Student: 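The structure is given below, and queries will be raised subsequently.
Values in this document were obtained by computation on a predicted structure and should not be read as measured data. Numbers here simply count residues along the sequence, with the first being 1.
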Amino acid sequence: MKLSRLLLALLALGATATASAQEKVLNLYSARHYQTDEALYANFTRQTGIKINRIEAKEDELLERIRNEGANSPADIFLTVDAARLAKADELGLFAPVKSKLLEKRISPNLRSPDWFAFSTRARVIVANKELVKAEDAQNYEDLASPKLRGKVCSRSGSHPYNISLMASLVAHLGEAKAEEWARGVVANFARSPKGGDTDQIKAVAAGECGVAVSNSYYLARLLRSDKAEDRRLMERVAIIWPNQKSFGAHINISGGGMLKTAPNKESAVKFLEYLASDDAQRYFADGNNEWPAVASVAVKNPALEAMGKFKADSLPVATLAKNSAAAQRIYDRAGWK
Ligand code: FE
């Protein structure tokens with residue numbers, strides 16, 4: 001009798017141990033999918049013993065999925081790109097605030113909110129066709145609205161998060177009325193109706209279909225580093241201009257993430273966020289997409305980014321972009337920037 005009770009106790013103990021071993025997982029919903037990410041995640045598992053289950057999909061699909069799963073969502077962490085998207089997730093109340101001394105120390109205050117953290121940064125730069133546009137005519141975002149560039153501007157949709165965030169920064173710097181005036185000026189300068197992604201705008205500029213466009217920095221780096229000669233040749237026709245170097249600096253956006261309110265594995269989730277701010281993880285994270293680490297003390301050796309030169313970055317808190325993103329969308333709608 002005694003022995004069987006002991007056996008039962010041991011069995012129960014075994015069951016508990018198994019359960020806690022099973023708890024050592026992290027469910028990651030990620031909009032990132034780069035080759036270097038394999039090493040990034042494997043290192044985390046090696047260091048912590050926490051296994052990562054990854055669901056990778058497009059940014060907006062993941063957000064929809066988390067919303068649909070609701071309280072039953074297995075997701076612990078949502079990783080995505082652009083402050084406008086993080087703002088959307090935040091507005092929907094999907095994130096849980098994370099208090100971490102380590103994250104607060106590593107990630108500067110302008111690159112985080114109470115609910116999410118940036119892990120890499122990218123800039124939104126001006127690209128100009130060297131033959132069609134004089135560089136001095138396209139030094140600032142404001143110049144894109146100048147009559148000098150009539151019929152020469154190409155753009156992706158005004159509803160895309162990259163452009164929403166750029167507008168959100170202009171709202172912060174210029175005020176809503178001036179920002180709307182700017183949007184109307186740019187629309188008046190369009191060479192064609194907005195279509196395609198950033199790379200399509202770069203290609204249209206190189207081909208001379210338009211004179212000028214804006215693009216995130218990593219698309220330029222990708223073409224500069226491309227193993228296709230045609231991509232590199234294309235970049236020879238394009239001038240890369242760091243915008244607003246004499247005023248507020250180039251618009252900076254981020255890729256980042258946060259812990260979900262419904263996360264079943266909160267402890268693992270915080271550990272993972274802290275891991276992403278470590279030196280090694282920062283290098284992998286940034287290099288996977290030709291971005292800059294969010295942790296300022298971490299250096300990257302990326303020849304394409306180095307070739308693009310040093311620049312003044314906008315120091316506007318990314319949380320401000322998030323806050324202004326709804327106003328930004330309204331401005332694009334009123335200005336007819338579809
Ligand atoms: Fe992108």
Student: Applying ring-ring contact (aromatic ring centres under 6.0 Å, His included), run through Trp292 and Phe119 and close with a yes or a no.
Tutor: CA-CA 9 Å; Trp292 295 280; Phe119 294 107; over 10 Å; no
Student: Would you say Asn244 and Lys246 are linked by a side-chain donor-acceptor pair, where the criterion is simply a distance under 3.5 Å?
Tutor: no
Student: Could you check whether any side-chain N or O of Asp143 sits under 3.5 Å from a backbone N or O of Gln139, counting only pairs where one atom can act as donor and the other as acceptor?
Tutor: yes
Student: I'd like to check Ile254 versus Asp82 (side-chain heavy atoms, cut-off strictly below 4.5 Å). Are they in contact?
Tutor: no
Student: Taking side-chain contact (heavy atoms from CB on, under 4.5 Å) as the criterion, tell me which of Ile50, Asn265, Ile52 meets it with Phe272.
Tutor: Ile52
Student: How would you list, by chain and number, every residue that makes a side chain to side chain donor-acceptor pair (under 3.5 Å) with Ser108, sequence neighbours excluded?
Tutor: Asn110
Student: If I compare all heavy atoms of Ala138 with all of Val212, which pair ends up nearest, and what's the gap?
Tutor: CB-CG2, 4.2 Å
Student: As a quick check of understanding, evaluate salt bridge (charged side-chain N to carboxylate O under 4.0 Å, His left out) for Arg32 and Glu56, giving each step before the final call.
Tutor: CA-CA 7 Å; Arg32 284 174 57 93; Glu56 288 174 346; over 6 Å; no
Student: Please report the C-alpha distance between Phe117 and Leu111 in whole Å, then the side-chain angles of each, then the deciding distance to 0.1 Å, and finally whether the side-chain contact (heavy atoms from CB on, under 4.5 Å) criterion is met.
Tutor: CA-CA 6 Å; Phe117 302 86; Leu111 294 177; over 6 Å; no
Student: Between Leu149 and Val133, is there a side-chain heavy-atom distance shorter than 4.5 Å?
Tutor: yes
Student: Does Glu64 come within less than 4.0 Å of Arg67, counting only side-chain N to carboxylate O?
Tutor: yes
Student: Using a strict cut-off of less than 4.0 Å between a Lys/Arg side-chain nitrogen and an Asp/Glu carboxylate oxygen, indicate whether Asp76 and Lys266 qualify as a salt bridge.
Tutor: no
Student: Which residue pairs pass the side chain to side chain donor-acceptor pair (under 3.5 Å) test with at least one member in residues 176-188, sequence neighbours excluded?
Tutor: Glu180-Arg184, Glu180-Arg334
Student: Please check if any side-chain donor atom of Arg225 sits under 3.5 Å from a side-chain acceptor atom of Asn290, or the reverse.
Tutor: yes
Student: With the side chain counted from C-beta on, respond yes when Arg283 and Asp279 share a heavy-atom pair under 4.5 Å apart, and no when they do not.
Tutor: yes
Student: For a 4.5 angstrom cut-off between non-hydrogen side-chain atoms, does Leu220 reach Met308?
Tutor: yes
Student: Do Asp198 and Arg124 sit within salt-bridge range, that is, some charged N less than 4.0 Å from a carboxylate O?
Tutor: yes
Student: Looking at the rings of Trp116 and Phe78, which for Trp means the six-membered one, are their centres under 6.0 Å apart?
Tutor: no
Student: Just checking, any donor-acceptor pair under 3.5 angstrom between side chains of Asp287 and Thr36?
Tutor: no
Student: Indicate whether the side chain of Asn68 and that of Arg65 have a donor and an acceptor atom separated by less than 3.5 Å.
Tutor: no
Student: Only one of Val153, Val127, Asn163, Val186 clears side-chain contact (heavy atoms from CB on, under 4.5 Å) with Val214; which?
Tutor: Asn163
Student: Looking at Arg237 and Glu131, is any side-chain nitrogen of the basic one under 4.0 Å from a carboxylate oxygen of the acidic one?
Tutor: no
Student: With rounding to the nearest 0.5 angstrom, report the OG to CG distance, Ser30 to Leu62.
Tutor: 7.5 Å
Student: What pair of heavy atoms forms the shortest contact from Ala75 to Pro264, and how long is it?
Tutor: O-CD, 3.8 Å
Student: Quick check: Tyr141 with Trp242 (ring centres under 6.0 Å apart)?
Tutor: no
Student: Under 4.5 Å between side-chain heavy atoms, hopping through other hydrophobics if needed: is there a path connecting Val295 to Ile77?
Tutor: yes
Student: Tell me yes or no: between the side chains of Gln201 and Ser215, is some donor less than 3.5 Å from an acceptor?
Tutor: no
Student: May I ask you to decide whether Lys228 forms a salt bridge with Glu230, counting only side-chain N to carboxylate O separations under 4.0 Å?
Tutor: no
Student: Got a salt bridge between Glu236 and Arg232, using NZ or NE/NH1/NH2 to carboxylate O under 4.0 Å?
Tutor: no
Student: With no hydrogens and no angle check, do the side chains of Tyr284 and Glu38 hold a donor and an acceptor under 3.5 Å apart?
Tutor: no
Student: Kindly compute the distance separating CZ (Phe190) from OG (Ser155), expressed to the nearest 0.5 Å.
Tutor: 4.5 Å
Student: If you measure from CG on Leu321 to NE2 on His251, what distance do you get to the nearest 0.5 Å?
Tutor: 5.5 Å
Student: For Asp60, is there an ion pair with Arg85 - N to carboxylate O distance below 4.0 angstrom?
Tutor: yes
Student: Side chains of Leu305 and Leu224, heavy atoms from C-beta outward: is any pair under 4.5 Å?
Tutor: no
Student: Verify whether one side chain among Thr262 and Ser73 offers a donor that lies under 3.5 Å from an acceptor in the other.
Tutor: no
Student: Distance check, rounded to the nearest 0.5 Å: Ser268 atom OG versus Lys51 atom NZ?
Tutor: 12.0 Å
Student: Say you draw a straight line from CD of Glu59 to OH of Tyr29; how long is it, rounded to the nearest 0.5 Å?
Tutor: 16.0 Å
Student: According to side chain to side chain donor-acceptor pair (under 3.5 Å), does anything in residues 310-327 pair up with another residue at least two apart or in another chain? List the pairs.
Tutor: His173-Asp314
Student: Is any side-chain heavy atom of Pro243 closer than 4.5 Å to one of Asn140?
Tutor: no
Student: Indicate whether any N or O donor in one side chain lies under 3.5 Å from an N or O acceptor in the other, for Gln329 and Asp333.
Tutor: yes
